[in-house]
Amino acid sequence: AGCSQLLLGVAMVEAQMGNPKEAREYFRRAVDADSTHAHAWQAWGVMESRLTNTDSARTLFARGLRECPRHVALWQAAAKLEADQGNVKR
């Protein structure tokens with residue numbers, strides 16, 4: 001898990017620097033190192049959502065939720081994406 005944490009940190013720095021291609025590679029490596037690293041799935045999905053890559057974000061959230069079904073922040077990020085897309089049911 002430690003390796004995954006480090007890779008996530010690098011991914012987030014790359015994302016903040018405006019380097020999504022590099023960030024994606026580090027996010028991928030983080031979840032490959034630990035598929036149950038919910039924060040990595042969440043951060044990657046949020047980055048894709050901010051880049052308006054809605055389908056990619058949705059897929060990443062779904063994959064993360066399959067691995068980490070009890071991670072509240074991941075559920076919230078997925079719900080926010082759907083709400084932002086107008087996919088809200090009362």
Side-chain angles (χ1 to χ4, degrees):
C3 179
S4 182
Q5 289 282 351
L6 180 61
L7 292 164
L8 172 61
V10 175
M12 293 183 74
V13 168
E14 290 291 352
Q16 290 170 354
M17 291 175 51
N19 301 323
K21 182 178 178 184
E22 291 81 1
R24 283 184 192 103
E25 178 60 23
Y26 285 104
F27 282 127
R28 184 195 59 74
R29 290 173 60 189
V31 298
D32 283 351
D34 179 3
S35 66
T36 65
H37 191 170
H39 189 205
W41 290 111
Q42 177 193 3
W44 190 1
V46 167
M47 181 193 80
E48 296 297 351
S49 177
R50 289 180 178 159
L51 294 171
T52 67
N53 296 328
T54 304
D55 290 339
S56 293
R58 188 176 284 124
T59 298
L60 291 163
F61 291 144
R63 288 177 62 194
L65 288 167
R66 275 194 303 273
E67 296 288 338
C68 317
R70 292 191 171 102
H71 194 270
V72 174
L74 188 51
W75 277 106
Q76 289 173 327
K80 181 178 182 330
L81 173 70
E82 296 305 331
D84 290 348
Q85 295 298 308
N87 298 328
V88 180
K89 295 180 182 178
R90 291 181 182 229

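Heavy-atom basis, side chains included; hydrogens, waters and symmetry copies ignored.
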(request) Answer yes or no: is there a side-chain heavy-atom contact under 4.5 Å between Trp41 and Leu8? (result) no
(request) Please answer: with hydrophobic residues joined when any side-chain heavy atoms are less than 4.5 Å apart, are Leu51 and Leu81 in the same cluster? (result) yes
(request) Mind listing the closest non-hydrogen atom pair of Ala57 and Gly45 along with its distance? (result) CB-O, 3.3 Å
(request) State, with a plain yes or no, whether a side-chain heavy atom of Asn87 is found less than 4.5 Å away from one of Arg58. (result) yes
(message) Salt bridge or not between Arg24 and Glu14? Use side-chain N to carboxylate O under 4.0 Å.
(response) no
(message) Side chains of Gln5 and His39, heavy atoms from C-beta outward: is any pair under 4.5 Å?
(response) no
(request) Consider only side-chain heavy atoms of I, L, V, M, F, W and Y, link residues closer than 4.5 Å, and tell whether Trp44 and Leu7 are in one cluster. (result) no
(request) Look at the side chain of Thr59 and the backbone N and O of Asp55, then say whether any donor-acceptor pair between them is shorter than 3.5 Å. (result) yes
(message) Let me confirm one number: the CD-OG distance from Gln42 to Ser49, rounded to the nearest 0.5 Å.
(response) 11.5 Å
(message) Tell me whether Leu60 shares a hydrophobic cluster with Val10, the cluster being built from Ile, Leu, Val, Met, Phe, Trp, Tyr side chains joined at under 4.5 Å.
(response) no
(request) List the atom of Ser35, the atom of Cys68, and the distance in Å for their closest heavy-atom pair. (result) O-SG, 4.3 Å
(request) Specify the closest pair of heavy atoms between His37 and Ser4, including all atoms of both residues, with the distance to one decimal. (result) ND1-OG, 2.5 Å
(message) I'd like to know if Tyr26 and Val31 are part of one continuous hydrophobic network [Ile/Leu/Val/Met/Phe/Trp/Tyr, side-chain heavy atoms within less than 4.5 Å].
(response) no
(request) Return the minimal non-hydrogen interatomic distance between His71 and Leu65, and the atom names on each side. (result) O-CD2, 4.5 Å
(request) Quick one: pull up CG in Asp84 and CZ in Arg50 and give me the separation to the nearest 0.5 Å. (result) 11.0 Å
(message) Within a 6.0 Å radius of atom CZ on Arg28, are there more than 12 heavy atoms belonging to other residues, nucleotides or ligands?
(response) yes
(message) Check for me, please, whether Phe27 and Leu6 land in the same ILVMFWY cluster - side-chain distances under 4.5 Å, paths through other members count.
(response) no
(request) Give, for atom CE of Met17 and atom CE of Met12, the distance between the pair rounded to the nearest 0.5 Å. (result) 14.5 Å
